[in-house]
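Throughout, a chain's letter reflects where its sequence line sits, starting with A, and its residues are numbered from 1.
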There are 2 protein chains.
Amino acid sequence: MKLSSETTDRRIKKSKKAMQQALLEWMEEKDFKSITITNIVQRADVNRGTFYKHYDYKEQLLEDIMDEITADLKEAFRKPYKSKAMLELPELTAPSVKIFEHVLKHDHFYTLVIASNMLTGFQYKLVSILRGLVLEDLLQAAGDEGIDQRLQAGYHSHAIFGLIVEWVHGGFEHKPDYMAEQLLLIIRNRPAEVVFKAEN
Amino acid sequence: MKLSSETTDRRIKKSKKAMQQALLEWMEEKDFKSITITNIVQRADVNRGTFYKHYDYKEQLLEDIMDEITADLKEAFRKPYKSKAMLELPELTAPSVKIFEHVLKHDHFYTLVIASNMLTGFQYKLVSILRGLVLEDLLQAAGDEGIDQRLQAGYHSHAIFGLIVEWVHGGFEHKPDYMAEQLLLIIRNRPAEVVFKAEN
DNA sequence: TTATTTAATCAACACCTGTTCAATAAATTA
DNA sequence: TAATTTATTGAACAGGTGTTGATTAAATAA
């Protein structure tokens with residue numbers, strides 16, 4: 001008798017890896033939209049049925065690739081942080097430096113995904129992770145003046161994502177330390193009269 | 001002789017409207033992904049060639065619909081604001097109240113787009129508009145302590161979008177005034193030690 | 001190793017896609 | 001109004017899609 005074992009069948013891993021690799025290669029050559037399932041399976045040298053056995057559409061295949069990137073982001077937060085930047089910047093910005101270092105580590109992928117327009121799935125994952133981290137800290141820090149902490153978490157997680165988008169669009173012309181410093185400055189700033197000017 | 005006139009041909013308007021209406025109707029019934037071009041043109045009662053004359057893919061048709069929504073957002077900012085909330089809240093939050101009122105006005109559409117996962121195009125437009133408004137104000141308010149204003153604009157525009165997402169996911173359980181109040185509280189809060197807790 | 005389970009393959013299917021073309025109908029211009 | 005321009009139509013096409021069922025091959029369990 002054969003029960004569902006813990007480790008996935010080597011054939012599955014092999015097929016998935018081949019298709020993931022094929023998709024990434026095609027993405028270097030042409031627009032995501034114009035890449036067909038047939039393209040992918042031909043380059044991966046697997047049957048089209050194999051694709052449909054594991055995925056419903058190509059976006060799902062991309063999400064599989066994204067999962068590895070976001071796993072790295074999560075891991076980056078667990079490791080203790082040691083670097084020059086930490087000595088120069090306030091201690092509390094360390095985790096945010098990690099974010100930007102993570103993005104820079106995968107700069108090619110981030111550029112590919114953000115520059116084109118298929119980040120829905122990726123953005124969702126990324127923001128969800130950031131939101132979780134922010135919310136965790138907010139709950140520990142305990143209530144501030146009647147602020148809805150879910151809204152606050154949604155606000156800050158998207159905000160950091162926005163910073164990443166700007167960074168990518170600018171072609172990574174700044175160092176991660178600079179980005180973390182800017183994040184701190186923006187947060188510390190009193191932008192009430194700046195975010196939206198009152199009409200006279 | 002017939003030159004390109006200012007007003008678009010009535011046939012074009014009619015065809016586009018029919019297809020837009022058909023897409024919205026299908027979106028009530030099934031997943032965006034599973035809606036085919038054939039579905040749309042059959043319900044709109046136009047030839048498939050007509051679709052491809054105006055659009056490349058269905059996402060473009062959706063963007064056409066989105067343009068009307070975002071046009072309303074822009075317009076909402078130009079009109080002078082008068083309401084009860086203005087008396088209760090600081091004057092400078094008025095424009096942000098408008099944002100949330102706009103979202104509530106189109107609550108059905110926002111829910112449809114944000115709950116599903118095809119907001120890439122819409123989000124881009126929305127954030128771009130917010131970013132433009134924020135950046136405009138930032139440039140007028142003049143430099144604050146070495147903050148990169150583009151990064152700041154990206155930060156705040158995505159942050160507000162994040163607030164909208166939270167609001168939609170929560171099923172609009174708050175009033176626009178409350179959302180604007182929360183926005184103000186979050187911005188005014190000193191969240192430096194809250195956004196990311198320093199590890200010990 | 002052998003038996004069993006399960007993934008990958010191949011062929012075939014109806015349907016959707018994106019494009020082309022000549023024919024038609026509706027709009028605009030004078 | 002008549003003449004001209006242009007959108008829409010309908011048919012047809014080579015391809016891609018998503019699914020099926022029977023067969024083969026590889027991985028796992030005993």
Side-chain angles (χ1 to χ4, degrees), chain A residues 1-27 29-65 67 116-118 120-121, chain B residues 1-27 29-65 67 116-118 120-121:
Chain A
M1 168 183 34
K2 198 180 191 177
L3 288 170
S4 57
S5 64
E6 298 304 310
T7 51
T8 30
D9 196 305
R10 283 148 55 208
R11 287 171 294 184
I12 296 175
K13 280 191 222 164
K14 208 180 117 195
S15 298
K16 283 191 172 184
K17 269 276 158 282
M19 290 187 286
Q20 285 169 17
Q21 182 58 32
L23 177 56
L24 284 174
E25 282 177 28
W26 277 117
M27 281 169 69
E29 293 168 36
K30 57 176 182 169
D31 194 58
F32 183 78
K33 185 135 216 105
S34 70
I35 300 168
T36 67
I37 311 291
T38 305
N39 284 155
I40 295 166
V41 295
Q42 277 176 353
R43 182 165 290 187
D45 193 30
V46 293
N47 191 272
R48 213 175 54 219
T50 304
F51 175 91
Y52 287 108
K53 185 135 220 165
H54 301 296
Y55 307 106
D56 292 320
Y57 31 83
K58 55 184 174 167
E59 282 83 359
Q60 259 180 31
L61 172 57
L62 186 66
E63 279 195 37
D64 234 17
I65 299 168
D67 281 343
S116 72
N117 274 344
M118 16 61 108
T120 318
Chain B
M1 169 181 38
K2 198 181 194 177
L3 289 171
S4 56
S5 65
E6 299 305 309
T7 50
T8 31
D9 197 304
R10 282 147 57 207
R11 287 170 294 184
I12 296 175
K13 281 191 224 164
K14 208 180 118 193
S15 298
K16 283 191 172 185
K17 268 276 157 282
M19 290 188 284
Q20 287 169 15
Q21 182 59 31
L23 176 56
L24 284 173
E25 282 176 29
W26 277 117
M27 281 169 68
E29 294 169 35
K30 57 175 180 169
D31 195 57
F32 183 77
K33 184 135 216 107
S34 70
I35 300 169
T36 68
I37 310 292
T38 306
N39 283 155
I40 296 165
V41 296
Q42 277 175 352
R43 182 164 290 187
D45 193 30
V46 293
N47 191 272
R48 205 145 47 85
T50 304
F51 175 91
Y52 287 108
K53 184 133 223 164
H54 301 296
Y55 307 105
D56 292 320
Y57 30 84
K58 56 183 174 169
E59 282 82 1
Q60 260 180 31
L61 172 56
L62 185 66
E63 280 195 38
D64 234 17
I65 300 168
D67 282 343
S116 72
N117 273 344
M118 16 62 108
T120 317

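- The interatomic distance linking B/Phe51 (CZ) with C/dT19 (P) rounds to 11 Å, in whole Å.
- Nearest nucleotide to the side chain of A/Arg11, out of D/dT9, D/dA27, C/dT9: D/dA27.
- In this structure, the side chain to side chain donor-acceptor pair (under 3.5 Å) partners of B/Arg43, at least two apart in sequence or on a different chain, are B/Glu29.
- Every residue two or more places apart in sequence or in another chain was checked for a side chain to side chain donor-acceptor pair (under 3.5 Å) with B/Gln42, and none qualifies.
- Residues B/Arg10 and A/Val46 each lie close to DNA chain C; by heavy-atom proximity, the contact nearer the 5' end of the strand is made by A/Val46.
- Counting to the nearest Å, the P atom of D/dT8 and the OH atom of B/Tyr55 are 10 Å from each other.
- B/Gln21 pairs by the side-chain contact (heavy atoms from CB on, under 4.5 Å) definition with B/Glu25, not counting sequence neighbours.
- Counting only heavy atoms from C-beta outward, the side chains of B/Tyr55 and B/Glu63 never approach each other to under 4.5 Å.
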Could you run down the sub-3.5 Å N/O contacts of the protein with nucleotides 15-17 of chain C?
residue: C/dT17; atom: OP1; partner: B/Ile37; partner atom: N; Å: 3.0
residue: C/dT17; atom: OP2; partner: B/Ile37; partner atom: N; Å: 3.4
residue: C/dT17; atom: OP2; partner: B/Thr38; partner atom: N; Å: 3.1
residue: C/dT17; atom: OP2; partner: B/Thr38; partner atom: OG1; Å: 2.8

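- Remark: C1' of C/dA7 and CG of A/Asn47 are 11 Å apart, rounded to the nearest angstrom.
- Going from atom NZ of A/Lys53 over to atom C1' of D/dG21 covers 12 Å, rounded to whole Å.
- End-to-end axis angle of the helix from C/dT1-D/dA30 to C/dA30-D/dT1, using five pairs per end and rounding to 10°, comes to 40°.
- Per the geometry, OH belonging to A/Tyr57 stands 11 Å off P belonging to D/dT19, to the nearest Å.
- Residues forming a side chain to side chain donor-acceptor pair (under 3.5 Å) with A/Asp56 (at least two apart in sequence, or on another chain): A/Gln60.
- Between B/Ser15 and D/dT8 there is a side-chain polar atom (N or O) within less than 4.0 angstrom of OP1 or OP2.
- Taking atom CG of A/Asp45 as the reference point, atom P of C/dA8 lies 13 Å away to the nearest angstrom.
- Two residues are said to be in side-chain contact when any heavy atoms from C-beta on lie closer than 4.5 Å; A/Val41 and A/Thr50 fail this criterion.
- In this model, the phosphate group of C/dA7 is not approached by any side-chain N or O of A/His54 to a distance below 4.0 Å at OP1 or OP2.
- Remark: B/Thr38 engages no residue in a side chain to side chain donor-acceptor pair (under 3.5 Å) (not counting sequence neighbours).
- In this entry the distance linking CG of A/Asp56 with P of D/dG16 reads 21 Å, nearest Å.
- Not counting sequence neighbours, the partners of A/Asp67 by the side-chain contact (heavy atoms from CB on, under 4.5 Å) test are A/Asp64, A/Thr70, A/Lys125.
- Protein atom NZ of B/Lys14 is 11 Å distant from nucleotide atom C1' of D/dA7, rounded to whole Å.
- Under the salt bridge (Lys or Arg N to Asp or Glu O under 4.0 Å) criterion, A/Lys33 pairs with B/Glu59, sequence neighbours left out.
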